[in-house]
Amino acid sequence: MENNNGDTVAGEAGKRLDDLFGEAAAQGNEAPAVRDGDGEESGDRAESGGAPTGDLKEILLSMDWEIDDRIMERLMAEIERLKGVFEDDRIPLMFLRLMGSAGKYVKIHKAGAHPAAVRLLSAVYGDLETILSAGEMTEAEKKRILLSRVKEFKELKAAIDRRRAGSGGKGPAPSGTGKGAAGRDAVGEDTVSAPPPALAPHEAFAMAVEEIKDLIRAEFRAIRAELKLWRDAE
Amino acid sequence: MAFVNLKRKEVQVKIVYYGPGRGGKTTNLEYIYKKFRQRIKTEMVAIKTHGDRTLFFDFLPFDIGKIKGYDVKIQLYTVPGQVKYNATRRLVLRGVDGVVFVADSMAVRREKNILSLKNLQENLSTYQKHIFRIPLVLQYNKRDLAKQGIPLLSLETIEKDLNSRLKAPSFGASALKGTNVVPTLKKIIVMTMASIQKELK
């Protein structure tokens, strides 16, 4: 079943099935599909030529007009959905994690967010779209694009930290950088900071412990992802 | 993951027709069996209750010939749609490679479709399979009933109810008349073969 030449197994299966069931079409027993198979060639609806990210694009475009809770909720939900879709596809997943981290920062600060953060979201999306639609792009090229965005993200985080230090330190920087934004979910400073005042002390303590655990896990994931990238690049 | 016998160069692909009770899963298999019996040269196994409902499952195996040197054997299963048979549904899903979700287009069955799809998601997750990742085709069955004046969900509504997030290939169909039964089957087999190839890489 290994694919050693240009023909796909799916293509060959399609031909076999045409031979076996061809008569059905001839007898008019086919009606147009309601939604035709983007996923036909891959078996994975997520990897079908850029279509899965269509909603994400629409959300990002609407951010040009207004950044409010509703749109940011939609953005984060769509990023989470796509993370599930690209679970086994490392590079798109890392782009999505990067977007998740930047998105979380923008969600907190909305119009007050660093302008470069919103620009970065669009730029990362643009890269994601490029790598998903570019069939002939090598893995090395994709990694190069990813690493360049990670670098940009780290610079943004540093700029936000500087701005925060200058203004007395209000609000968190995007949390996905540090040991490597590429491999880290949007958990971190903004959730580990002070617990809600309404909580009883023991609940707040338990919650803080859980959040610290999450943070440590996220850091390890980031380190593992970065090590893997590093090894692959060698 | 499909059963691959490297020694005998054979691949067994398991496709399950899932959906609410009386939605037309068995009718899909019966149409394929009756229409192509001469070509597929196999027997369909069905275990039914007295009321002609699927008790355990229906089973229709057939070969599609060699692909890349491997004999590909397709096994079509249905599950019992009735709510009370969830343990059986879960059992039939074990080792599934691809799913056809047969939804009932009748307006009164709207909620049952949604519940059944949710049930599919839950049952798949017990085998660490994700509804967004497994090859899946949706079939909106019983479209022919519109001619009899029976209120049906519009394709737009049913698509929104079931497929707005999944974005799986979908077909309006009439299993009874055979409309889009074969395209549904072809689609799921092609998607599943592609998925298996990807897993084997």
Side-chain angles (χ1 to χ4, degrees), chain A residues 1-56 74 77-78 80-89 93, chain B residues 2 4 11 31-32 35-36 39-40 62-70 72 97-98 130 132-138 140 143 155-156 158-159 163 165-174 177-187 189-201:
Chain A
M1 295 296 287
E2 285 154 21
N3 189 18
N4 295 325
N5 55 39
D7 285 343
T8 63
V9 165
E12 218 172 297
K15 281 180 211 155
R16 289 261 169 272
L17 292 167
D18 284 341
D19 293 343
L20 193 60
F21 298 122
E23 191 183 290
Q27 291 187 349
N29 261 342
E30 286 190 17
V34 180
R35 183 193 292 272
D36 207 350
D38 282 330
E40 177 167 333
E41 289 304 317
S42 68
D44 184 337
R45 294 180 296 288
E47 298 177 6
S48 52
T53 56
D55 289 353
L56 189 57
R74 274 187 68 202
E78 185 59 15
E80 281 308 310
R81 184 186 76 79
L82 288 170
K83 276 185 191 172
V85 165
F86 291 103
E87 204 174 15
D88 294 333
D89 207 340
L93 183 63
Chain B
V4 182
V11 182
Y31 177 84
I32 295 160
K35 188 87 183 168
F36 302 103
R39 297 185 194 179
I40 60 182
F62 61 92
D63 296 351
I64 61 170
K66 279 193 192 304
I67 293 178
K68 304 257 179 240
Y70 282 73
V72 178
D97 299 303
H130 200 297
F132 283 94
R133 299 196 57 76
I134 195 162
L136 173 71
V137 174
L138 301 188
Y140 309 139
R143 301 310 300 177
L155 287 174
E156 196 181 28
I158 202 165
E159 181 82 354
N163 206 17
R165 290 188 65 210
L166 290 170
K167 301 192 190 316
S170 56
F171 296 88
S174 165
K177 296 185 182 305
T179 311
N180 271 348
V181 168
V182 171
T184 303
L185 177 62
K186 280 184 185 174
K187 193 69 153 185
I189 293 175
V190 168
M191 284 174 70
T192 306
M193 293 303 297
S195 170
I196 292 168
Q197 181 194 23
K198 199 175 153 193
E199 281 187 55
L200 288 176
K201 268 185 187 174

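Order of the sequence lines sets the chain letters (A, B, ...), proteins ahead of strands, with each chain counted from 1.
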Legend entry - Side chains of B:Val190 and A:Leu17 in contact at under 4.5 Å (non-hydrogen atoms): yes
Inset, instruction - Side chain from CB out, backbone as N, CA, C, O: work out which of these in B:Ile158 comes under 4.5 Å of a heavy atom of chain A, or both, or neither. - result: neither
Legend entry - Euclidean distance, A:Lys15 NZ relative to B:Ile64 CD1, rounded to 0.5 Å: 13.0 Å
Inset, instruction - Indicate the atoms forming the closest heavy-atom contact of A:Glu12 with B:Ile67, along with that distance. - result: OE2-CA, 3.3 Å
Inset, instruction - Compare all side-chain heavy atoms of B:Val72 with those of A:Arg16 and state whether any distance is below 4.5 angstrom. - result: no
Inset, instruction - List the atom of A:Phe86, the atom of B:Arg133, and the distance in Å for their closest heavy-atom pair. - result: N-NH1, 4.3 Å
Legend entry - Heavy-atom contact with chain A under 4.5 Å, split by part of B:Arg143: neither
Inset, instruction - Quick one: closest heavy-atom pair of B:Arg39 and A:Asp19, and the distance? - result: NH1-O, 3.8 Å
Legend entry - Side chains of A:Leu20 and B:Phe62 in contact at under 4.5 Å (non-hydrogen atoms): yes
